[in-house]
Amino acid sequence: MSKFRTHKCNELNKQKIGDKVSLSGWINKKRDHGNLLFIDLRDNYGITQCIIDKENSNFKKLEKIQLETVIKIDGKVVERTNESINNDIETGEIEVVIKNFQVLGECKELPLPVFTDREYAEEIRLKYRFLDLRRKKIHENIILRSKVISFIRNEMNKLGFLEFQTPILTSSSPEGARDFLVPSRLNPGKFYALPQAPQQFKQLVMVSGFDKYFQIAPCFRDEDARADRSPGEFYQLDLEMSFVEQEDVFNVVEKLFVNTFKKFSKKELLFNKFPKIAFKDSMLKYGTDKPDLRNPLVIYDITETFLRDDVSFEIFKKLVKSGSKVRCIVTKNTKDKPRSFFDNIDKWAKEQGASGLAYFTIEKEKEILAKGPVGKFFSKDSLNEIMTKTEAKVGDSIFLACGKVEEVEKITALARDKIGKDLGLIDENVFAFCWIVDYPMYEIDNQTKKIKFSHNPFSMPQGDINKINFEKPLEILAYQYDIVCNGIELSSGAIRNHIPDLMYKLFDVVGYSRSDVDQKFSGMINALSYGAPPHGGIAPGIDRIIMLLANEKNIREVTMFPMNQNAQDLMMNAPSSVSENQLKELNLSIKNKK
RNA sequence: GGGGGUGUAGCUCAGUUGGUUAGAGCGAUCGCCUGUCACGCGAUAGGUCGAGGGUUCGAGUCCCUUCACUCCCGCCA
């Protein structure tokens, strides 16, 4: 028997009435009636109400004890009267009459309350994370995280995947995010980099003949944080398979997701078979490559209508002539919405940095006409054209944006979310998964105007590899895919290019010479030259999966010890200064101390 | 790097048009209370109004600068 307890705080019930028991835990709450004291004792498993009265010599001491003190109590289980049963807790039919108690861990005055559902400032939560983590919701989130990871691990094992660890200290890679660097003591002036993902290693695992690999892999990227993006580090379910095509990866991952989400959430899956949307179509219909498919709104391109002579919307017409696009969103049956509904959206769009959203409502009097600030610019025939293109009906409204393709995609994507939410079109009780496929191999870098890899440089281009037209690189598609759920990008993956010659040609397009490639990716390119199997994989983000399952909007709510937005750990005081001696050993000196 | 929001007691927040000694709830301390489960009642302590500067007879409130936290843009193959 344990020195500290005979039962956990969720275990006692009517069957145990009369038993002498010991419990250990935190004092969650006290209710002091002067001559009678209730103590809610909490541990990881639950809460048990303990009770003591003034007849007991321990009464005065317990009355004074701080909340969150860790104590052990010895006592007897007694039945509660019918009126005093508490159905909110598992042990609500009984209580423990305290005989003796012992303080196991004292508690100073609390900097933040543990027993409350109230939200409080992030800063104090992070500094006292160990207290914050005692609170119900986040405590449960972290337990959920453990269970999900354990479930995934088990599923992967069942599917024949082998779990391997790959190095944490590795080399800096020229592509992608900013690296975290670690100075090498034994190699002065040189640095390791923490892996942004075990990308090259997992491919090497395939070349090494292990066939199916996975890992709950820590990934490190020195980029700025967002609500759904931890600064610094996060976890991926990294996986890779040999002798597979895109569909084979899809089948494995889709099953895994369906099983995981059905097991850990009450929400319905909108699609058991995830729809596949080509990148190009997604950009057109949703303005983004991470569409929220819970939202029924769709974006239409009606640029051509603005070339008509009977459309007199001169601002847009002028822009269209200089290459701009007009995209629109149709809202069903909104003709009776108040003017403020439309104006709010226009105002909101301006706050997003767009020039606003024009709108009109289609009505029918003698004939079809458009009402609203820009309605007068449209003829009957032009409206009919728009109605055909967009399947809009009388009574529907149309929100219009005009601009360069990227601008118009961005604002319509945001507007689609905004209008969907405003109109209550989004079902919060479903998960809508989809695959985004057929990513382009390359894109134009907006800053440098040069061509660059749009995703992973190791992806396999689509089509006959002997007939790829390297003269038109922007037209080359890759076997590159993402999983998106409810507008959140959960994973991206690819079938890899395992053919060195092809790799050189693809890198040549972005200006890497053969020797550049040999140098920067020596491990990879060398390995691919010694008999590499065709292979591919994907890497779903664990933290975001847990976010969805826990119904949280912020990744810190599912991360045990997160850093703040400035990548500082307020509890451990990281990052911190180091001694001169440490710097000296590493051959480093700090240039500007501030 | 840029934009928005927030910053008042240990915690969560209120504080009107610039006007007396800056308030409430929770927590803390002290007292009362034997059936609560957000127990109740009474009292006490607790404040660099994030910091600095300015306007003013007078600033928590207005202006400027700055710091911290947060959300977004950039960034994240």
Side-chain angles (χ1 to χ4, degrees), chain A residues 28-42 47-56 59 63-64 66-68 78 80-89 91-92 95 97 107-128 131-132 173-179 196-197 199-200 219-232 234 351-354 410-411 414 439-443 445-447 452-459 478 480 482 489 492-494 506-507 510 539 541 553-554 556 563-566 568 570:
Chain A
N28 192 58
K29 189 70 188 164
K30 286 190 297 183
R31 287 174 297 281
D32 188 353
H33 290 232
N35 294 312
L36 178 72
L37 172 67
F38 296 97
I39 291 180
D40 290 340
L41 196 68
R42 182 196 75 237
I47 285 179
T48 303
Q49 174 166 284
C50 304
I51 185 167
I52 187 167
D53 71 15
K54 66 173 179 192
E55 304 305 320
N56 189 305
F59 181 80
E63 229 185 352
K64 296 290 170 221
Q66 286 275 354
L67 295 184
E68 293 305 310
V78 301
R80 294 203 203 182
T81 59
N82 269 338
E83 309 81 70
S84 61
I85 285 173
N86 181 352
N87 289 315
D88 296 336
I89 55 175
T91 58
E95 61 198 3
V97 177
C107 182
K108 297 198 285 188
E109 187 178 343
L110 293 166
L112 54 86
V114 172
F115 172 70
T116 171
D117 292 330
R118 196 178 264 166
E119 309 241 341
Y120 44 102
E122 202 80 35
E123 197 174 357
I124 197 107
R125 292 182 61 190
L126 294 183
K127 185 167 179 194
Y128 296 95
L131 290 178
D132 190 35
S173 66
E175 295 285 319
R178 202 176 287 114
D179 283 316
Q196 295 178 22
Q199 180 62 38
Q200 294 192 55
C219 302
F220 305 89
R221 296 177 191 174
D222 188 2
E223 296 293 350
D224 290 352
R226 287 287 182 280
D228 64 351
R229 207 166 77 201
S230 293
F234 61 99
E351 283 164 10
Q352 303 303 308
K410 198 173 140 192
I411 189 63
L414 289 170
Y439 276 85
M441 191 84 207
Y442 300 102
E443 64 188 14
D445 186 314
N446 272 334
Q447 284 169 356
K452 65 167 192 179
F453 286 107
S454 69
H455 272 71
N456 186 328
F458 305 126
S459 298
Q480 165 88 43
D482 277 11
E489 182 191 320
S492 64
L506 291 166
F507 268 99
V510 298
K553 296 228 169 357
N554 194 298
R556 289 185 296 273
M563 296 198 283
N564 71 7
Q565 197 169 43
N566 294 321
Q568 297 159 339
L570 300 175

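Values reported hereafter were calculated over all heavy atoms of this structure, with side chains retained and with hydrogens, waters and symmetry mates removed. Lettering follows sequence order; numbering is per chain, from 1.
Regarding A/Phe38, its CZ atom lies at a distance of 15 Å from the C1' atom of B/A38, rounded to whole Å. Look at CD on A/Gln49: it is 11 Å from P on B/A38, rounded to the nearest Å. Here B/A68 presents its P atom at 16 Å from CG of A/Leu126, a figure rounded to the nearest Å. Computed from coordinates, the A/Ile52 CD1 to B/G35 P distance equals 17 Å when rounded to whole Å. Note: CZ (A/Phe115) to P (B/U36) measures 16 Å, nearest angstrom. We find that CZ of A/Arg80 is positioned 13 Å from C1' of B/C39, with the value rounded to whole Å. The interatomic distance linking A/Leu36 (CG) with B/G40 (P) rounds to 15 Å, in whole Å. Atom CG of A/Asp224 and atom C1' of B/C71 are 13 Å apart (whole Å).
B/G35 is unpaired under the Watson-Crick or G-U wobble criterion, no partner having all donor-acceptor distances under 3.5 Å. Across all strands shown, B/C49 has no partner, as no Watson-Crick or G-U wobble contact with both distances under 3.5 Å is found. Pair check for B/A24 finds B/U12; Watson-Crick or G-U wobble, both atom distances under 3.5 Å. Across all strands shown, B/U56 forms no Watson-Crick or G-U wobble pair with both key distances under 3.5 Å. Applying the Watson-Crick and G-U wobble criteria (two distances, each under 3.5 Å), B/C76 pairs with nothing in any strand.
For B/C71 and B/C26, the P atoms lie 31 Å apart once the distance is rounded to whole Å. Between B/G18 and B/U66, the distance separating the two C1' atoms is 24 Å to the nearest Å. For the P atoms, the distance linking B/G46 with B/G23 amounts to 13 Å, nearest Å. For the C1' atoms, the distance linking B/A28 with B/C72 amounts to 39 Å, nearest Å. For the P atom pair drawn from B/U17 and B/U56, the interatomic distance equals 23 Å after rounding to whole Å. For the P atoms, the distance from B/A22 to B/U12 is 22 Å, rounded to whole Å. Rounded to a whole angstrom, the distance from the P atom of B/A68 to that of B/U29 is 35 Å. Comparing the C1' positions of B/A14 and B/A24 gives a spacing of 7 Å, expressed to the nearest Å.
If you check every strand for non-hydrogen atoms under 4.0 Å, A/Thr116 touches nothing. Among the protein residues, A/Lys410 comes within range of the sugar-phosphate backbone only, with heavy atoms under 4.0 Å from sugar or phosphate atoms but none that close to a base. Among the protein residues, A/Gln66 comes within range of the sugar-phosphate backbone only, with heavy atoms under 4.0 Å from sugar or phosphate atoms but none that close to a base. Among the heavy atoms of the strands, none lies under 4.0 Å from A/Arg125. When heavy atoms are screened at a 4.0 angstrom cut-off, A/Lys64 is found touching the sugar-phosphate backbone but no base atom. Across all strands shown, A/Phe453 has heavy atoms under 4.0 Å from sugar-phosphate atoms exclusively, and none from any base. Contact annotation for A/Glu95: base contact, defined as any heavy-atom pair under 4.0 Å involving a base atom.
Regarding contacts with the backbone of B/C39, a side-chain N or O of A/Arg31 is found under 4.0 angstrom from either OP1 or OP2. Close to B/C71, at under 4.0 Å from its OP1 or OP2, lies a side-chain N or O of A/Gln565. The phosphate of B/C69 has OP1 or OP2 within less than 4.0 Å of a side-chain N or O from A/Asn566. Checking the phosphate oxygens (OP1, OP2) of B/A28, no side-chain nitrogen or oxygen of A/Lys30 falls inside 4.0 Å. Residue A/Lys29 has a polar side-chain atom (N or O) positioned under 4.0 Å from OP1 or OP2 of B/G27. Under 4.0 angstrom from either OP1 or OP2 of B/C71 there lies at least one side-chain N or O belonging to A/Asn554. Between A/Arg229 and B/C72, a side-chain N or O to OP1/OP2 separation shorter than 4.0 Å is absent. At the phosphate of B/C73, OP1 or OP2 sits under 4.0 Å from a side-chain N or O atom of A/Arg226.
With sequence neighbours left out, the side-chain hydrogen bond (donor to acceptor under 3.5 Å, both in side chains) criterion links A/Arg80 to no other residue.
Between A/Glu122 and A/Asn564 there is no side-chain heavy-atom pair separated by less than 4.5 Å. Side-chain atoms of A/Met563 and A/Ser230, non-hydrogen and from C-beta on, never get closer than 4.5 Å to each other. Between A/Phe115 and A/Glu68 the shortest side-chain heavy-atom distance does not fall below 4.5 Å. Between A/Arg221 and A/Arg178, the closest side-chain pair of non-hydrogen atoms is not below 4.5 Å. Between A/Arg31 and A/Asp40, some side-chain heavy-atom pair lies under the 4.5 Å cut-off. For the pair A/Tyr439/A/Asp482, a side-chain contact is recorded, criterion being any heavy-atom separation below 4.5 Å from C-beta on. Contact of the A/Gln49 side chain with the A/Thr91 side chain is not registered, since no non-hydrogen atoms from C-beta on lie closer than 4.5 Å. A/Arg229 has its side chain out of reach of A/Phe234: every pair of non-hydrogen atoms, C-beta onward, lies at least 4.5 Å apart.
When each of A/Asn564 and A/Glu443 is assigned the nucleotide of RNA chain B with its nearest heavy atom, A/Asn564 is the one assigned upstream, toward the 5' end.
Here A/His33 does not lie in a stacked arrangement on the base of B/C33, lacking the combination of planes under 30° and ring centres under 5.5 Å apart.
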Under-3.5 Å N/O pairs linking protein and nucleotides 9-12 of chain B:
residue	atom	partner	partner atom	Å
B/G10	O2'	A/Pro111	O	2.9
B/U12	OP1	A/Ala121	N	2.8
B/U12	O2'	A/Arg118	NE	3.3

I'd like a list of close polar pairs between nucleotides 44-46 of chain B and the protein, N/O only, cut-off under 3.5 Å.
none

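The environment of A/Lys30 atom NZ is dense: over 12 non-hydrogen atoms of other residues, nucleotides or ligands sit within 6.0 angstrom.
Between the side chain of A/Glu123 and the base of B/G7, no donor-acceptor pair of N or O atoms lies under 3.5 Å.
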Next on the checklist: Before you tell me yes or no, could you show the steps for A/Gln196 and A/Asp179 under side chain to side chain donor-acceptor pair (under 3.5 Å), namely the whole-Å CA-CA distance, both residues' side-chain angles and the distance that decides it to 0.1 Å?
Outcome noted: CA-CA 7 Å; A/Gln196 295 178 22; A/Asp179 283 316; 2.7 Å; yes

Next on the checklist: As a quick check of understanding, evaluate side-chain contact (heavy atoms from CB on, under 4.5 Å) for A/Val114 and A/Arg42, giving each step before the final call.
Outcome noted: CA-CA 11 Å; A/Val114 172; A/Arg42 182 196 75 237; 3.9 Å; yes

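Nearest to the side chain of A/Ala177, among B/U36, B/C76, B/C37, sits B/C76. Listed candidates were B/U70, B/G35, B/C75. Nearest to the side chain of A/Glu122 is B/U70.
Remark: side-chain polar atoms of A/Glu95 are not paired, donor with acceptor, to backbone N or O of A/Thr48 under 3.5 angstrom.
Between A/Phe507 and A/Phe458, the ring-plane angle classifies as tilted under the 30° and 60° cut-offs.
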